[in-house]
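For reference, the structure discussed in these notes is given below.
Letters A, B, ... mirror the listed sequences (proteins, then strands); counts begin at 1. Owing to the predicted nature of the structure, the values given are computational and were not obtained by experimental measurement. Every heavy atom of this structure was used, including side-chain atoms; hydrogens, water molecules and symmetry mates were not.
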2 protein chains.
Amino acid sequence: MYSIGDLSRRTGVKIPTIRYYEQMGLIAAPERSEGNQRRYERSELERLAFIRHARDLGLSIDSIKDLLALSQHPERPCGEADRIASEHLATVREKIARLKKLEQELERIVACDGNHTVGDCYVIRALADHSMCESEH
Amino acid sequence: MYSIGDLSRRTGVKIPTIRYYEQMGLIAAPERSEGNQRRYERSELERLAFIRHARDLGLSIDSIKDLLALSQHPERPCGEADRIASEHLATVREKIARLKKLEQELERIVACDGNHTVGDCYVIRALADHSMCESEH
DNA sequence: TCTATTGCTCCAGAAGCTATAGGTTTGAGG
DNA sequence: CCTCAAACCTATAGCTTCTGGAGCAATAGA
């Protein structure tokens, strides 16, 4: 049996976050000690590690819930799990694309060398005037 | 004089968001009509467009506050504006780098073709077992 | 003047935690 | 067995950047 602190140390998930996950229904409310403290079994440790990993990969709490529910049914086809991961991959790719545009825009803006006054600073001018942008955003 | 709706249409910032910006001190509380409705001048429209643009670029409300304060003093050196934009560029680049790692990880995970069962689904297995990852994250 | 549209304030919610306050339990050392 | 620090408990509020709704008042066009 693990205390919540043990679980936290072993998974790298902070204690308040574990309690939060319990509230959100990602992990079941565990047994309690006589003094009302949470006592976890090994299976909960694995479940939490799964959650941690998925969160690190940026999956939403809701997606993780779905994946966890799926993993309870090893006999079912796994197309759904594949779909969740693929969709997430698509959103990650979109984010990358958007950020790259911003990067370009900011690179242009930052070309101001900082050695003059705000009155003719390219950073300020570029922000004030959207039409100076090269791409839509 | 513009109503809040005019301002919203011209800048693409939603009405509640404009009021929120007022609350946050990004724009000054404008004059009011006899019936207590907000009435804006052209200068506020430009200020809001500046804010909108900077938000689109992902700058935080606090950074925008600083930039707006700077732009009130055209005679000052602009190194500070340059610094804010450069720092932001750095965080954007970091985000891109992190997302690219996730992209790779997800690509590997998604290699599961969806045509079998959850029990041996690569998506689920990869999420359960961090050691299957190629890079740290 | 009537009425559709727009505006007002206040408040709650979304996501995913994090922190604080004020109290209780646990477990190791003496 | 006793003590005491560390760990744990609950409940609640806060973070960030908005967004949406309720319930009511003002405005503008026909």
Side-chain angles (χ1 to χ4, degrees), chain A residues 1-27 29-40 44-45 47-48 50-68 84 87-88 91-92 95 98 102 137, chain B residues 1-27 29-40 44-45 48-68 88 91-92 95 98 102 137:
Chain A
M1 303 294 268
Y2 306 96
S3 70
I4 197 168
D6 292 339
L7 215 61
S8 172
R9 249 166 279 129
R10 279 159 197 270
T11 59
V13 179
K14 290 190 183 151
I15 291 174
T17 307
I18 296 174
R19 292 198 275 246
Y20 169 75
Y21 287 164
E22 182 183 321
Q23 233 182 290
M24 293 299 100
L26 279 185
I27 55 180
E31 288 175 44
R32 300 289 182 121
S33 71
E34 286 196 1
N36 198 36
Q37 299 192 358
R38 289 170 179 78
R39 291 294 176 260
Y40 297 93
E44 286 304 287
L45 197 156
R47 190 177 174 97
L48 193 55
F50 181 105
I51 294 167
R52 168 81 211 259
H53 192 185
R55 283 295 302 140
D56 279 352
L57 290 170
L59 286 152
S60 71
I61 299 279
D62 277 349
S63 293
I64 296 173
K65 254 190 209 168
D66 292 346
L67 287 171
L68 283 166
I84 291 171
E87 265 179 22
H88 184 58
T91 66
V92 165
K95 261 188 207 163
R98 261 193 306 124
L102 294 187
H137 62 109
Chain B
M1 302 293 267
Y2 306 96
S3 71
I4 197 168
D6 292 339
L7 216 60
S8 172
R9 249 166 278 124
R10 280 160 196 268
T11 60
V13 179
K14 290 190 182 154
I15 291 174
T17 306
I18 296 175
R19 291 196 275 245
Y20 169 75
Y21 286 163
E22 181 182 321
Q23 234 182 290
M24 293 299 101
L26 280 184
I27 54 179
E31 288 175 47
R32 299 290 181 123
S33 72
E34 285 193 4
N36 198 36
Q37 298 192 355
R38 289 169 178 79
R39 292 291 176 262
Y40 297 92
E44 287 304 287
L45 196 156
L48 192 55
F50 181 106
I51 294 167
R52 169 82 210 259
H53 191 185
R55 283 295 303 141
D56 279 352
L57 290 170
L59 286 153
S60 71
I61 298 279
D62 276 349
S63 293
I64 295 172
K65 254 189 209 169
D66 292 345
L67 287 171
L68 283 166
H88 185 59
T91 66
V92 165
K95 262 188 206 161
R98 262 194 305 125
L102 294 187
H137 61 109

Correct closest heavy-atom pair for A:Gly58 and A:His88 would be O-CE1, 3.1 Å
Separation of B:Glu22 atom CD from D:dT19 atom C1', in whole Å?
17 Å
To the nearest angstrom, the CD1-C1' distance between B:Ile4 and D:dA25 comes to 15 Å
Tell me whether the side-chain N/O atoms of B:Ser3 come closer than 4.0 Å to OP1 or OP2 in C:dG7.
yes
Closest approach of A:Gly5 to A:Ile15 (non-hydrogen atoms, all atoms of both residues)
CA-CD1, 4.0 Å
By the definition side-chain contact (heavy atoms from CB on, under 4.5 Å), identify the one residue from B:Leu45, B:Leu48, B:Ile4 that meets it with B:Tyr40.
B:Ile4
For the side chain of A:Arg38, starting at C-beta, report the closest nucleotide among C:dG16, D:dC9, D:dC8.
D:dC9
Among all residues two or more places apart in sequence or in another chain, which pass the salt bridge (charged side-chain N to carboxylate O under 4.0 Å, His left out) test with A:Arg38?
A:Glu22
Which string of ( ) [ ] | and . matches DNA chain D, if you list each base 5' to 3' and count Watson-Crick or G-U pairs only when both distances are under 3.5 Å?
||||||||||||||||||||||||||||||
Closest approach of B:Asp6 and B:Met1, non-hydrogen atoms and distance?
OD2-O, 4.4 Å
Between A:Ile51 and A:Thr11, is any pair of side-chain heavy atoms under 4.5 Å apart?
no
Tell me, do A:Arg47 and A:Tyr21 make a side-chain contact under 4.5 Å, heavy atoms counted?
no
Review item, nucleotides 24-28 of chain C N/O atoms under 3.5 Å of protein N/O:
residue: C:dT26; atom: OP1; partner: A:Ser33; partner atom: OG; Å: 2.9
residue: C:dT26; atom: OP1; partner: A:Gly35; partner atom: N; Å: 2.9

Only counting residues at least two apart or in another chain, list the ones meeting side chain to side chain donor-acceptor pair (under 3.5 Å) with A:Ser63.
A:Ser60
If every non-hydrogen atom of B:Gly12 is compared with every non-hydrogen atom of B:Arg52, which pair is closest and at what distance?
O-NH1, 3.1 Å
Just to verify, what does A:Asp62 make a salt bridge (charged side-chain N to carboxylate O under 4.0 Å, His left out) with, not counting sequence neighbours?
none
From CD1 of A:Ile61 over to P of C:dA14, roughly how many Å is that when rounded to an integer?
14 Å
Strictly below 4.0 Å: does B:Tyr21 bring a side-chain N or O up to OP1 or OP2 of D:dT17?
no
Expressed in angstrom and rounded to an integer, what is the separation of B:Asp6 atom CG from C:dT6 atom P?
10 Å
I'd like to know if the side chain of B:Arg10 reaches the main chain of B:Ala49, judged simply by a donor and an acceptor atom lying under 3.5 Å from each other, with no hydrogens or angles considered.
no
Mind checking if A:Arg32 touches a base, just sugar-phosphate, or nothing, with heavy atoms under 4.0 Å?
sugar-phosphate
Interatomic distance, B:Leu7 CG vs C:dG7 C1' [rounded to whole Å]
14 Å
Looking at residues 10-20 of chain B, who's got a heavy atom less than 4.0 Å off DNA chain D?
B:Lys14, B:Pro16, B:Thr17, B:Tyr20
Let me know, please, whether A:Tyr40 or A:Gln23 comes out on the 5' side of the other along DNA chain D by nearest nucleotide.
A:Tyr40
